[in-house]
Amino acid sequence: MSASPITKKTICNRDCPDACSIVATIENDRVTRIAGDPDHPITQGFLCHRTSHFLSTQYSPERLTSPLIRKGRDFEPITWDQALDIAADRLVSIKKQYGPAAIFHYRSGGTLGILGALTDHFFGLFGPVTTKTGDICSGAGDYAQMTDFGEEDSHDIFDLYHSKNILLWGKNVFTSSPHTIPVLKEAKSRGASLVLIDPVFHKTASICDRFIQPKPGGDFALAMAVARLLFERGHIDPNAHSYCDHLADFQSLAVSKTVAQHCAEADVSPSEAEDLADRLGPGKPTAILVGWGMGRRYNGASIVRALDALSAVSGNIGILGGGASFYFKRRGAYDTSFKDAAIPPRTIREPLFAADIFNARDPEIKAMWITAGNPVVMLPDSDAVARAVETREFSVVADLFLTDTARRASLVLPVTTLLEADDLLGAYGHHYLGVATPVVAPPPGVRSDLQIMQGLAERVGLGPALAGSARDWKRRIIEPRLAPHGITLETLEQGAVKNPLSQPVLFADRTFKTPSGKVNLLTQAPPGEPSSSPDYPLYWTSISTERSQSSQWAKPQEGPLVVTVHPSAANGVADGALARVESPSASLTVRLKHDPKQRRDIALAPKGGHYDAGRAANALITARLTDFGEGAAIYDDRVRIVPV
Ligand SMILES: Nc1nc2c(c(=O)[nH]1)N[C@H]1C(S)=C(S)[C@@H](COP(=O)(O)OP(=O)(O)OC[C@H]3O[C@@H](n4cnc5c(=O)[nH]c(N)nc54)[C@H](O)[C@@H]3O)O[C@H]1N2
Ligand SMILES: Nc1nc2c(c(=O)[nH]1)N[C@H]1C(S)=C(S)[C@@H](COP(=O)(O)OP(=O)(O)OC[C@H]3O[C@@H](n4cnc5c(=O)[nH]c(N)nc54)[C@H](O)[C@@H]3O)O[C@H]1N2
Ligand SMILES: [Mo]
C-alpha cells in the first residue's frame, strides 16, 4: 500500500547567493517533487532552473553509491571500512614520512553548508596540512571591499526599496541570483531606475532602464570617468573628507585623464558616464550591486575598489537605498572558531593550483584530499590541474559522481546531495539563516562529509574531537552568537530567520573597520593589461549559465560546447556551424552561435563544461592572479574562431 505524500522543507546548500527554502514532496521514501517555499521571504515560492531539475541528479543512475578504489585504469567498489582504513593508513604514513605539509586539503563550493568547517577542523588537527589560499570566485572583490571598508557585508536586500537608482554593475541576476529579481521589480514599481553595466548582453538587460556595454575590464576607466564628472560637477558629498582617506589623491587619479580619454578606454560614450554620474550625484540614493564577474580580471580588485570609491565620495555609502554591496556575510552568525587555531604550514594559491602543487618542495605534495570541488573542470589550465591530481601518490575525492576530478583520484567517496544534507546555511545574497534537514535518507552506501571525517578521525586518534551528531554540531555552531539574541537550533528549524547581527544599512554611522576608521579610497590605477596578439582578438568569456551549477548540469550535456559571438566576429563561420576556438596554446571544437547583441571582441561560453568530453572552457584559460587579492584572472584570455 502506498503511503500518502508528505512534505518536508530544507535549505538549498548550493554555491548560490539565494540559499532557497525548498519544499519537497515525499512518497514512499522518494522525493517526487521539489518547489520553492512560498513562506520564505526571499525564495517566494519558486526555484531556479537548475534546482527545479534536481531530481534527475538526485536519482541519476550515475550517482555513486559505494566507495571506489583505483585498480590500474579502473575503479573497484570497496566497503566503507576498507575505504576509511586505506585513507587513514595512507595519510598517516605520508605524514610520518614527509610531514603534514605533504598533504593538501582542498575544499570548494559543492556545498556551502557550514558543517564543512569540520572537514577543515579535521585537517587542522591531523596536520595542520597544506590548504588553499586566495579565491577563484571572489578573491579580488573580497580584497577590495576589505581594503576599502575593513568589512564585507551588504545592506538588507529590501533596502533596495529606498533606492532611486540601482546599478547592476556586472551582474546577471537572471542566471546567478534569480531571487533578487522580485526585489528589483518591486523596487522598480516603487520608482527605482535600473541600469545594467556589463560587456555581455544578457536577459538582465530586459528589466533595466538602461544597458551600458563597456569593453571587458573597461569598468575601471568608466568609473574614473564618472569620478571625474562627480568632482567637476560638484556632486562630491560635502562631508566626504570626514569619512574618506586620500580624497585628494583619488581626485588626482580621476583627473589624470579627460572624461573623453577614460570613456575611449572603456569603449563607452561620454553621455553614458554622465548618466551614471547624474544617478550617483543628484539622483541619490543609488545602490551599486557589484557583480562577481568583474573581479575575475587582471584589474579585478582595482575595478571593485573604484566602484567602492564612487559610492563613498558621492555620499551613497551609509544611507538608506545606497551602498556598494558585493557580498552578504553568510557565515557571520555562526561560530566555527574551534578550527581557527590551526595554522597551515603552507598554502597553495587556488588560481595557481597546478603550478603551486608542482613547485611545492620540502616536502612535495604527496597526497591530496578534495571535497566539494571539481578543480579539473573549474580551475584554469585544466590540463595541468588534471596532471596535478593524477600524479599524486594518493588522492581522495569526495563527490556524488565520478567527475573529471574524481576519475583521476586514487580513492572516491560518495557523499550526500542537497536533499539529504544535514547542515546550517547562510546566504551571500541576503541575510536569512536556515537549516538543511534531510528530506530523505541517502541511499545505502552513501555518507555525509561529516560522517566521512568522523570515520577517519576515529582511525587516527581524533575521534573525540569530531564526535557528535550533525544536530549537536549545529547547536554548538549556532549558540555562541545567536543564543544571546534568543535564536536556537529549534528557532531556525521553524523557518528562516534574519541574521540579528546584520545591519539594515551598512556603515550608517560612517565609521569603517579600516585602521583609520575611514573609507580607504584607492589612489592608483591598476597595472595595464598585458599586450595580446591581434591574431587572437576575442576575450574568452566563460560565465554562469542557468542550466548548471558550475560543473553540475541540470541535464547531461552532449555535443560540442556552444560558443556565442557577434556575427562579425565569426570569421566566416555560419550560425550553428562547427568551429575551432583557439588560444595561443590550446583549442576546442565548438558549435558557433551568432548574436548581434554581443560585443565584437567577446567569445561567450558557459562555464563548467566537462573536461574529458572536450567541453571545458578552462582548458583554454591560463592560470594567473588578479592585480590584488589572489583572485583568478579567468576572463582575460584571448582566442580566435577558426573554421573547421
Ligand atoms: N545558474 C547558476 N547560478 C549560479 C552559478 C552557476 O554556475 N549557475 N554560480 C554561482 C556562483 S559560483 C557564484 S560566485 C555566483 C555569482 O556568479 P557569477 O556568474 O559571478 O555572477 P554574476 O555576477 O551575476 O555574473 C557575472 C557577470 O559578470 C559579467 N562580467 C564579466 N566580466 C565583466 C567586466 O569586465 N565588467 C563587467 N561590468 N561585467 C563583467 C559577466 O558578463 C556576467 O554577466 O552565482 C552563483 N549562481
Ligand atoms: N572558466 C571559468 N571557471 C570558473 C568560473 C567561471 O566563471 N569561468 N567560476 C568560478 C567560480 S565563481 C567558482 S565558485 C568555482 C566553482 O568551482 P567548484 O566549487 O569546484 O564547482 P562545482 O563544479 O560546483 O563542483 C562542486 C562539486 O561538489 C560536488 N558536491 C555537491 N554536493 C556535495 C557535498 O555535499 N559534498 C561533497 N563532498 N561534494 C559535493 C558536486 O557534485 C561537484 O562535483 O569555479 C570557478 N571557475
Ligand atoms: Mo563562485
Side-chain angles (χ1 to χ4, degrees), residues 13-18 48-51 57 106-113 116 119 135-138 141 168-178 180 196-202 204 212-220 222 289-297 299-300 303 307 350-351 370-380 382 397-401 403-406 413-418 420-421 423 428-429 448-449 452 539-554 602 604-609 616-621 632 634-637:
N13 69 13
R14 304 190 113 164
D15 188 343
C16 173
D18 294 0
C48 64
H49 176 92
R50 66 200 191 287
T51 302
T57 300
Y106 176 77
R107 182 162 75 86
S108 188
T111 159
L112 294 192
T119 306
D135 196 71
I136 179 85
C137 173
S138 58
L168 299 169
W169 207 310
K171 220 173 161 69
N172 186 355
V173 288
F174 270 90
T175 296
S176 303
S177 45
T180 308
L196 174 67
I197 303 137
D198 201 311
V200 175
F201 173 82
H202 49 71
T204 301
I212 299 175
Q213 200 170 13
K215 178 179 179 281
D219 308 80
F220 184 84
L222 172 57
L289 303 188
V290 183
W292 294 280
M294 289 172 303
R296 302 183 195 122
R297 293 201 173 276
N299 59 353
I303 292 176
L307 304 191
E350 186 175 33
I370 298 174
T371 316
N374 189 2
V376 170
V377 173
M378 297 316 300
L379 298 187
S382 294
V397 171
D399 205 301
L400 311 166
F401 293 97
T403 62
D404 287 309
T405 305
L413 304 175
V415 292
T416 47
T417 65
L418 63 91
E420 296 151 7
D423 217 321
Y428 61 94
S448 69
D449 290 294
I452 293 172
Y539 284 87
W540 181 232
T541 309
S542 53
I543 52 178
S544 295
T545 159
E546 65 172 359
R547 289 171 291 123
S548 80
Q549 169 70 47
S550 296
S551 69
Q552 309 171 62
W553 292 81
I602 281 184
L604 194 61
K607 75 174 178 186
N618 275 315
L620 301 187
I621 296 178
I634 47 179
Y635 299 155
D636 280 327
D637 281 87

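Counting begins at 1 with the first residue of the sequence. Atom set for the values below is all heavy atoms of this structure, side chains included, hydrogens, waters and symmetry mates excluded. Indexing begins at 1, ligand by ligand and atom by atom, following the structure's order. No experiment lies behind these values; they were computed from the predicted model shown.
- Scanning both residues, D15 and Q549, for their nearest heavy atoms gives O-NE2, 2.9 Å.
- In terms of protein heavy atoms, atom 22 (P) of ligand 2 is closest to S550 CB, 3.5 Å.
- Per-residue contacts place W169 under 4.0 angstrom from the following atoms of ligand 1 (heavy atoms of the residue considered): 38 (N).
- Not one N or O on the side chain of E546 forms a donor-acceptor pair closer than 3.5 Å with the backbone of C48.
- Of the protein's heavy atoms, S176 OG, 3.5 Å lies nearest to atom 17 (O) of ligand 1.
- Every atom of ligand 1 is numbered from 1 in the order shown, and the set under 4.0 Å from a heavy atom of W292 is 16 (C), 20 (O), 21 (O), 23 (O).
- Among the atoms of Y635, none of the N or O lies under 3.5 angstrom from an N or O of ligand 1.
- Using a 3.5 Å distance cut-off with no hydrogens or angles, the side chains of N374 and S551 do pair a donor with an acceptor.
- The parts of M378 lying near ligand 2 are both backbone and side chain, judged by heavy-atom distances below 4.0 Å.
- The protein non-hydrogen atom at the shortest distance from atom 20 (O) of ligand 2 is N374 N, 2.9 Å.
- Looking at atom 35 (O) of ligand 2, its nearest protein heavy atom turns out to be T111 CG2, 3.3 Å.
- Nearest non-hydrogen protein atom to atom 29 (C) of ligand 1 is D198 OD2, 3.3 Å.
- Between H202 and F174, the closest side-chain pair of non-hydrogen atoms is not below 4.5 Å.
- Residue contact check: Q549 has heavy atoms under 4.0 Å from atoms 24 (O) of ligand 2.
- Looking at atom 3 (N) of ligand 2, its nearest protein heavy atom turns out to be N618 ND2, 3.1 Å.
- Residue I634 has at least one heavy-atom neighbour below 4.0 Å for each of these atoms of ligand 2: 2 (C), 3 (N), 4 (C), 5 (C), 6 (C), 8 (N).
- Here the heavy atom of the protein found nearest to atom 44 (O) of ligand 2 is D399 OD2, 2.6 Å.
- Numbered from 1 in the order shown, with element, the atoms of ligand 2 that lie under 4.0 Å from a heavy atom of S108 read 17 (O), 18 (P), 19 (O), 20 (O).
- Here the straight-line distance linking atom CG of L196 with atom CD1 of I212 works out to 9.0 Å at 0.5 Å rounding.
- Note on ligand 2: T403 sits in its first shell, one or more heavy atoms being nearer than 4.0 Å.
- Of all the atoms in ligand 1, the ones that sit under 4.0 Å from a non-hydrogen atom of P17 are 45 (O), 46 (C).
- The two residues P380 and I634 have their closest heavy-atom pair at CG-CG2, 3.9 Å.
- Every atom of ligand 1 is numbered from 1 in the order shown, and the set under 4.0 Å from a heavy atom of P216 is 35 (O).
- Every atom of ligand 2 is numbered from 1 in the order shown, and the set under 4.0 Å from a heavy atom of T371 is 38 (N).
- Atom 30 (N) of ligand 2 has G110 CA, 3.8 Å as its closest protein atom, hydrogens excluded (heavy atom only).
- Protein heavy atom nearest atom 39 (N) of ligand 2, with residue, atom name and distance: A372 CA, 3.3 Å.
- The contact set between ligand 1 and G217, taken as ligand atoms under 4.0 Å from a residue heavy atom, comprises 34 (C), 35 (O).
- Of the protein's heavy atoms, G170 O, 3.5 Å lies nearest to atom 27 (C) of ligand 1.
- With respect to atom 15 (C) of ligand 1, the closest heavy atom belonging to the protein is Y428 OH, 3.4 Å.
- Set against the non-hydrogen atoms of D449, the atoms of ligand 2 under 4.0 Å away are 34 (C), 35 (O), 36 (N), 37 (C), 38 (N).
- Side-chain atoms of Y539 and K215, non-hydrogen and from C-beta on, do get closer than 4.5 Å to each other.
- Between R14 and L418, some side-chain heavy-atom pair lies under the 4.5 Å cut-off.
- Checking only distances, I543 never comes within under 3.5 Å of ligand 1, N or O to N or O.
- For the pair T57 and W553, the tightest heavy-atom approach, listed with the atom from each and the gap, is OG1-O, 4.1 Å.
- For K171, no nitrogen or oxygen atom sits less than 3.5 Å from a nitrogen or oxygen atom of ligand 1, counting backbone and side chain alike.
- Protein heavy atom nearest atom 1 (N) of ligand 2, with residue, atom name and distance: S542 OG, 2.8 Å.
- Distances below 4.0 Å separate heavy atoms of G291 from the following atoms of ligand 1: 23 (O).
- The R297 neighbourhood of ligand 1 comprises atoms 32 (N), 33 (C), 34 (C), 35 (O), with distances under 4.0 Å to a heavy atom of that residue.
- Atom 4 (C) of ligand 1 has as its closest protein heavy atom R50 NH2, 3.5 Å.
- In this structure, the separation between CG on D219 and CG on N299 is 7.5 Å, given to the nearest 0.5 Å.
- Looking at R547 next to ligand 1, no N or O pair under 3.5 Å apart turns up.
- The nearest protein atom to atom 19 (O) of ligand 1, hydrogens excluded, is given as S544 OG, 2.7 Å; this is a heavy-atom distance.
- Among L604, D18, L112, D15, the residue whose heavy atom sits closest to atom 46 (C) of ligand 1 is D15.
- Among all non-hydrogen protein atoms, the one lying nearest atom 36 (N) of ligand 1 is D219 OD1, 2.6 Å.
- Numbered from 1 in the order shown, with element, the atoms of ligand 2 that lie under 4.0 Å from a heavy atom of I621 read 1 (N).
- No side-chain heavy atom of W169 sits under 4.5 Å from any side-chain heavy atom of V290.
- By the side chain to side chain donor-acceptor pair (under 3.5 Å) test, T111 is found to be paired with N13, residues two or more places apart in sequence or in another chain being considered.
- Under a 3.5 Å cut-off, the side chain of T180 and the backbone N or O of S177 do form a donor-acceptor pair.
- The closest side-chain heavy-atom distance from Y635 to P216 is not below 4.5 Å.
- When every heavy atom of L112 is checked against every heavy atom of C16, the shortest pair comes out as CD1-N, 4.1 Å.
- Between L604 and I543 the shortest side-chain heavy-atom distance falls below 4.5 Å.
- For the pair K215 and ligand 1, no heavy-atom separation below 4.0 Å is found.
- With 3.5 Å as the limit, one finds a donor-acceptor pair spanning the side chains of K607 and S544.
- Here the protein heavy atom with the shortest distance to atom 25 (O) of ligand 1 is N172 N, 3.8 Å.
- The shortest separation from a heavy atom of R107 to ligand 2 is not under 4.0 Å, leaving the residue out of contact.
- Not one N or O on the side chain of R107 forms a donor-acceptor pair closer than 3.5 Å with the backbone of A372.
- Considering backbone and side-chain N/O atoms, S548 comes within less than 3.5 Å of an N/O atom of ligand 1.
- Below 4.0 Å from some heavy atom of G373 lie the following atoms of ligand 2, by number and element: 20 (O), 25 (O), 26 (C), 27 (C), 28 (O).
- Residue contacts with ligand 1 for T545 involve N, CA, C or O but no side-chain atom from C-beta outward (heavy atoms, distance under 4.0 Å).
- Close approach of ligand 1 to C137 is summarised as follows: ligand atoms under 4.0 Å from at least one heavy atom of the residue are 14 (S).
- In terms of polar-atom proximity, I197 is counted as a contact of ligand 1, with an N or O under 3.5 Å from an N or O of the ligand.
- Using a non-hydrogen distance threshold of 4.0 Å, C48 does not register as a contact of ligand 1.
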